[in-house]
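Chain A is the first sequence line, chain B the second, and so forth, proteins listed ahead of strands; every chain is numbered from 1.
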Number of protein chains: 2
Amino acid sequence: MGTTKETIKKAAINLFYKKSYFATAMSNIALDSNIRKASIYHHYASKEDILFDILMTTMSALDAYIDNCLKGVENIENRMRAAVRAHVKFHCDNQKEVLISDTELRGLTAKNYKAFVALRDAYEKKFQDMIARGIDQGYFAAGDVKVISYAILTMCTAVANWFKPDGRLSGDQISTIYEELVVTRLLKESLPIHSLKTPVVRE
Amino acid sequence: MGTTKETIKKAAINLFYKKSYFATAMSNIALDSNIRKASIYHHYASKEDILFDILMTTMSALDAYIDNCLKGVENIENRMRAAVRAHVKFHCDNQKEVLISDTELRGLTAKNYKAFVALRDAYEKKFQDMIARGIDQGYFAAGDVKVISYAILTMCTAVANWFKPDGRLSGDQISTIYEELVVTRLLKESLPIHSLKTPVVRE
DNA sequence: GTCTATAGCGAGATAGAC
DNA sequence: GTCTATCTCGCTATAGAC
C-alpha cells in the first residue's frame, strides 16, 4: 500500500481528476485515505501543496521518461519517433495525473505556478529543438517551428482526454498510430531531398 | 452594453476562464456585473445554470459557424479545408468560451452533461464523416478514422490554449497554417493515386 | 502520527421590502 | 428587477490531547 503520504496523494489524484481540484474537499481526500482530515496536514502543508506535489512529480517523471527513451537514439527522425511514442505512451499510462497537469494550473499561487511552467517550457523546448534540427537537416518539411510544436504536443497530450484503458486500442497501439501520423505524415518531407532525383515510378 | 443577463454572462465567462468555475463565487460575478449577488438569481436559477448557458450557446454557435462555412463547398478536400479553418478561427475568436467548454464539464449535473455531450458528439461526427468520405474517395490516406479525427480536432481545439490575441500570429494566419498542416500534410495521400505514374523527376 | 473539536470564514441560495 | 438581510452549510486550517 505504501506510505500514508502516498495514499493521500493517490486519493487526491483520483478526486482532482474526477471532481476537479476546487470541487474536492480535504474531507473527501481524508475519507478516501481512511484517515481524518486533520491528519493530512501532518504530511502536506495545505491543499495546494498536494496539487503542487502531483504536478511537479508528474512533469518530472514525463521529462525523465522521454530522456530515457531518447538515450542513444541519434538520427533526428528516429529521435522524433521515439519522443512521440514516449509522450503518447506516458499520457495513456498516467492519464489522470497529466489531465490534472493540463487543467488545474489555476489552483497554483504565483510562485508554484512559475516553478511548474518552467519545467513544462523546458520540456516543450526539447521538441522544438528536435523539429528545428529536423528541418535544418532536410528530414522535416519547413514551417513555423513554434506552431508545429504546439500542434504536435497538443494532439499527443490530448490523447489523455479520450484514451480508455479498456477500450478498442491499447496505449502501445495508439502510440504507434501517433508516431506514424506525426512523423511520417505531419513532419516528413513527402519527397525527401536525397530522393528527389530517384523516380518513384517502378514500371 | 446589452441586457443585464448578457452582462452577467460576460462577467461569468471572464471569471470562469481566469479562476475556473468552482473557484468563482456568485459574489465575484455580481461585483463584475455591478449588481448584488441576489439579483443574479432573477436571471439564472443557479450557478450551474450560468455555466450550462455558456456551454450550450458556445457549442451551438460553433456548430452553426462550421455549417455556414461549409455551405456550397462540394469537393471533400475543400470541405475539410474549410472545416479546419473555421474550427481554428472560432477557437481564436472565442478563446475563453471554448476553454471553459473544454475544462469545466465536471461542473455539470448528469442531465446537463448529457445534453452538452450530445451536441459535441454530433459536431465531432461531422468531421469523422468527412474524413471517412475523403478516404473512400482516395483523397485522404487510409487510417483509423476515429483516431485521426481525435488527433485533428484536439490539435485544432488546443489552439485556444496558446493563442494570444496580440501575439505574433493572427487568428487568420494560424487558421491558414493549420489548414495546411491538417489537410495537405496529415490527411492527404502524399502520392495521389492518379499521379502514381507521373514521374516527379524533372531533369 | 493520528485523533477530536472547533475556529473563522465565505459559499450558494432564499425571503421579502421596495 | 434590484435591493438588504440572512439562512444554512461546508470549507480550509489550527489547537491540543493521546
Side-chain angles (χ1 to χ4, degrees), chain A residues 1-56 100 103-113 115-116, chain B residues 1-56 100 103-113 115-116:
Chain A
M1 194 74 208
T3 66
T4 304
K5 189 168 182 174
E6 284 165 353
T7 304
I8 293 168
K9 189 172 172 178
K10 209 162 280 188
I13 289 170
N14 284 317
L15 288 162
F16 291 171
Y17 166 72
K18 192 159 53 175
K19 296 161 57 102
S20 93
Y21 171 68
F22 286 110
T24 299
M26 291 298 257
S27 57
N28 300 143
I29 300 173
L31 194 71
D32 287 8
S33 308
N34 281 313
I35 51 170
R36 302 308 136 230
K37 65 176 174 174
S39 307
I40 296 176
Y41 291 90
H42 177 77
H43 305 277
Y44 287 103
S46 65
K47 189 178 155 187
E48 186 193 339
D49 199 29
I50 304 177
L51 176 64
F52 187 59
D53 184 21
I54 294 169
L55 296 179
M56 292 302 270
I100 295 167
T103 56
E104 303 293 5
L105 298 193
R106 289 168 298 188
L108 296 178
T109 44
K111 191 188 154 199
N112 286 340
Y113 179 81
F116 176 81
Chain B
M1 193 78 206
T3 66
T4 304
K5 189 167 181 175
E6 284 166 353
T7 305
I8 294 168
K9 189 171 172 179
K10 210 163 277 185
I13 289 170
N14 284 318
L15 287 163
F16 291 171
Y17 167 70
K18 193 160 54 179
K19 296 160 59 101
S20 92
Y21 171 68
F22 286 109
T24 298
M26 291 298 259
S27 57
N28 301 142
I29 301 173
L31 195 71
D32 287 8
S33 308
N34 281 310
I35 50 170
R36 300 312 133 226
K37 67 173 174 175
S39 308
I40 296 177
Y41 291 90
H42 177 75
H43 304 278
Y44 287 102
S46 66
K47 189 179 158 187
E48 186 194 339
D49 198 30
I50 304 177
L51 176 64
F52 187 58
D53 184 21
I54 294 169
L55 295 179
M56 292 301 270
I100 296 168
T103 56
E104 302 293 7
L105 297 193
R106 289 168 299 187
L108 296 178
T109 43
K111 191 189 154 201
N112 286 340
Y113 179 81
F116 177 81

[X] [atom1] to [N] [atom2]: how many Å, rounded?
X       : N      : atom1 : atom2 : result
A/Tyr41 : C/dT4  : OH    : P     : 16 Å
B/Ile40 : C/dT14 : CD1   : P     : 13 Å
B/His43 : C/dA13 : NE2   : P     : 16 Å

Could you tell me whether the side chain of A/Ile100 reaches within less than 4.5 Å of the side chain of A/Tyr21, counting heavy atoms only?
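They are not in contact (no side-chain heavy atoms under 4.5 Å apart), so the answer is no.
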
Decide yes or no for B/Glu104 and B/Leu55: does some side-chain heavy atom of the first lie under 4.5 Å from some side-chain heavy atom of the second?
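When only atoms from C-beta onward are counted, B/Leu55 and B/Glu104 do not touch, as no gap falls below 4.5 Å.
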
[X]: what forms a side-chain hydrogen bond (donor to acceptor under 3.5 Å, both in side chains) with it, not counting sequence neighbours?
X       : value
B/Tyr44 : B/Asp53
A/Asn14 : A/Lys96
A/Asn28 : none

Heavy atom of residues 22-35 of chain A under 4.0 Å from DNA chain D: which residues?
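Output list: A/Thr24, A/Ala25, A/Met26, A/Ser27.
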
Heavy atoms only: give me the nearest A/Ala23-A/Lys19 pair and the separation to one decimal.
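Minimum heavy-atom contact is CB-O, 3.0 Å.
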
Minimum heavy-atom separation for B/Phe22 to B/Gly107, with atom names?
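Nearest heavy atoms, B/Phe22 then B/Gly107: CZ-CA, 3.7 Å.
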
Which nucleotide of DNA chain D is the first, and which the last, in the 5' to 3' direction, to come under 4.0 Å of a heavy atom belonging to chain A?
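Footprint of chain A along DNA chain D, 5' to 3': D/dC11 to D/dA15.
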
Could you work out which one of C/dT6, C/dA15, C/dG12 sits closest to the side chain of A/Lys37?
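Of the candidates, C/dT6 comes closest.
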
Check residues 29-40 of chain A and write down every donor-acceptor pair under 3.5 Å in which the side-chain atom is one partner and the other belongs to a residue at least two apart or another chain.
residue, atom, partner, partner atom, Å
A/Ser33, OG, A/Ile29, O, 2.7
A/Ser39, OG, A/Arg36, O, 3.4

